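Below is one structure, written out as structure tokens; comments come after it.
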Amino acid sequence: MGHREDLLAGAKRCLLEKGWSRTTARDIVAASGANLASIGYHYGSKDALMREALFAAMGDWADDVERSLREEARSREGSGAAAGSATESSAAEGSDQDQAARFEAGWTRMLELFGKHQALWRVQLEAVMRVEGDPELRAAYGQAQPEGRKGLVALFHGIPEDEVDEESARVLGSFYMTLVGGMAVQMAIDPDATPVAGDLTEAMRRILTGPTPAPAD
């Protein structure tokens, strides 16, 4: 790798090990084997390098999620290959059940990866809290969000990202992004109270079809 790639790898490592605010330019240099001048030469500033490292780390997480969800999809296809449908009504019911099962299986994998990538989500939350005083970081998030919404729809529905239409990205992608963000906050504050995938599935079922909860006494 050249100095540019070395710096990016070193910055990612520092972000995950030390967090955003505790990472210094000298930390990045020590982790990368580059020199201080090369940060300015290749990235313009330490903050610009940190922003690129953050989104590169998020890309690594997305790649991990994609691999995991593909494995889950192959597993489900294999286990359901011999299953048949008897009537149109049972097929429709089965389709709803399949969607719920797919959602639950996908979020089971997702939550496993939240645990694996806890350091990344801590950095992500720290970075989000910085956007108030960092217009360039806010702009970077703003530019990344449309692609992120499309990517989440593609991941959870097992389709190529370029097949996700704008309406699906806006509605479904925003929903998934809200869930991901909420899960990250919950796991940072109280991991033991984080809902499991089955809880999310049951909550959606109750919201859509279940009775209104009775008021507490």
Side-chain angles (χ1 to χ4, degrees), residues 1-25 27-34 38-39 42-43 46-74 105-131 134 136-162 164 169 173 176-188 191 194 197:
M1 293 193 297
H3 277 186
R4 182 179 179 84
E5 294 78 14
D6 290 338
L7 285 167
L8 185 61
K12 282 198 294 183
R13 187 157 60 250
C14 289
L15 274 175
L16 298 178
E17 292 176 357
K18 300 172 70 71
W20 187 295
S21 61
R22 293 174 56 211
T23 294
T24 68
D27 290 329
I28 297 171
V29 167
S32 66
S38 63
I39 294 178
H42 289 289
Y43 291 94
K46 174 211 156 194
D47 283 345
L49 170 56
M50 295 282 277
R51 287 192 294 271
E52 188 156 340
L54 173 64
F55 289 105
M58 290 300 297
D60 294 341
W61 170 81
D63 291 342
D64 208 359
V65 172
E66 182 177 12
R67 282 191 295 271
S68 183
L69 293 181
R70 282 181 176 174
E71 289 172 5
E72 175 61 33
R74 284 195 294 268
W107 274 96
T108 297
R109 291 292 184 111
M110 179 71 83
L111 290 172
E112 290 172 355
L113 291 173
F114 266 110
K116 177 181 176 182
H117 294 276
Q118 282 187 35
L120 171 61
W121 289 103
R122 285 194 296 269
V123 172
Q124 178 82 304
L125 293 175
E126 183 183 359
V128 167
M129 297 303 294
R130 296 177 60 89
V131 299
D134 190 337
E136 292 181 334
L137 182 58
R138 181 189 290 274
Y141 270 114
Q143 292 171 2
Q145 282 206 330
E147 182 179 350
R149 285 190 284 266
K150 276 194 169 187
L152 287 171
V153 175
L155 286 173
F156 281 105
H157 292 264
I159 60 176
E161 191 170 327
D162 58 9
V164 179
Y176 290 134
M177 190 170 283
T178 300
L179 276 181
V180 168
M183 283 293 190
V185 172
Q186 177 66 57
M187 293 193 80
T194 303

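What you see is a predicted model, and the numbers here were worked out from it, not measured in a lab. Quick note: numbers below take in every heavy atom, side chains included, and nothing from hydrogens, waters or symmetry partners.
- At distances below 3.5 Å, at least one donor-acceptor pair connects side-chain atoms of Tyr43 with backbone N or O atoms of Arg4.
- In this structure, Glu52 contributes its side chain and Leu8 its backbone to no donor-acceptor pair below 3.5 Å.
- The backbone N or O of Asp60 lies less than 3.5 Å from no partner atom in the side chain of Asp63, so there is not a single donor-acceptor pair.
- Taking a cutoff of 4.0 Å between a charged side-chain nitrogen and a carboxylate oxygen, Glu126 and Arg130 do not qualify as a salt bridge.
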Dump the intermediate steps for salt bridge (charged side-chain N to carboxylate O under 4.0 Å, His left out) on Lys116 and Glu112, then the final yes or no. CA-CA 6 Å; Lys116 177 181 176 182; Glu112 290 172 355; over 6 Å; no
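- Around the CD atom of Glu147, the shell of radius 6.0 Å holds no more than 12 heavy atoms that belong to other residues, nucleotides or ligands.
- In this structure, Phe156 and Trp107 have parallel ring planes: the angle between them is below the 30° cut-off, well short of the 60° mark.
- For the pair Lys18 (side chain) and Thr24 (backbone), a donor-acceptor distance under 3.5 Å is absent.
- Within the 4.5 Å cutoff, the side chain of Met110 has no heavy atoms near those of the Met183 side chain.
- From Leu7, atom CG reaches atom NZ of Lys12 across 12.5 Å, with rounding to the nearest 0.5 Å.
- Looking at Glu5, its side chain does come within 3.5 Å of a backbone N or O of Gly2 through a donor-acceptor pair.
- Considering every non-hydrogen atom in both Ala197 and Leu111, the closest pair reads N-CD1, 3.7 Å.
- Proximity of Val65 to Phe114: side-chain heavy atoms (C-beta onward) are nowhere separated by under 4.5 Å.
- Under the 3.5 Å distance criterion, the side-chain polar atoms of Arg13 are matched with a main-chain donor or acceptor of Ala31.
- Closest approach of Ala169 to Val153, counting heavy atoms only: CA-CG2, 4.3 Å.
- Across Ile159 and Val164, no two heavy atoms sit closer than the pair CD1-CG2, 3.7 Å.
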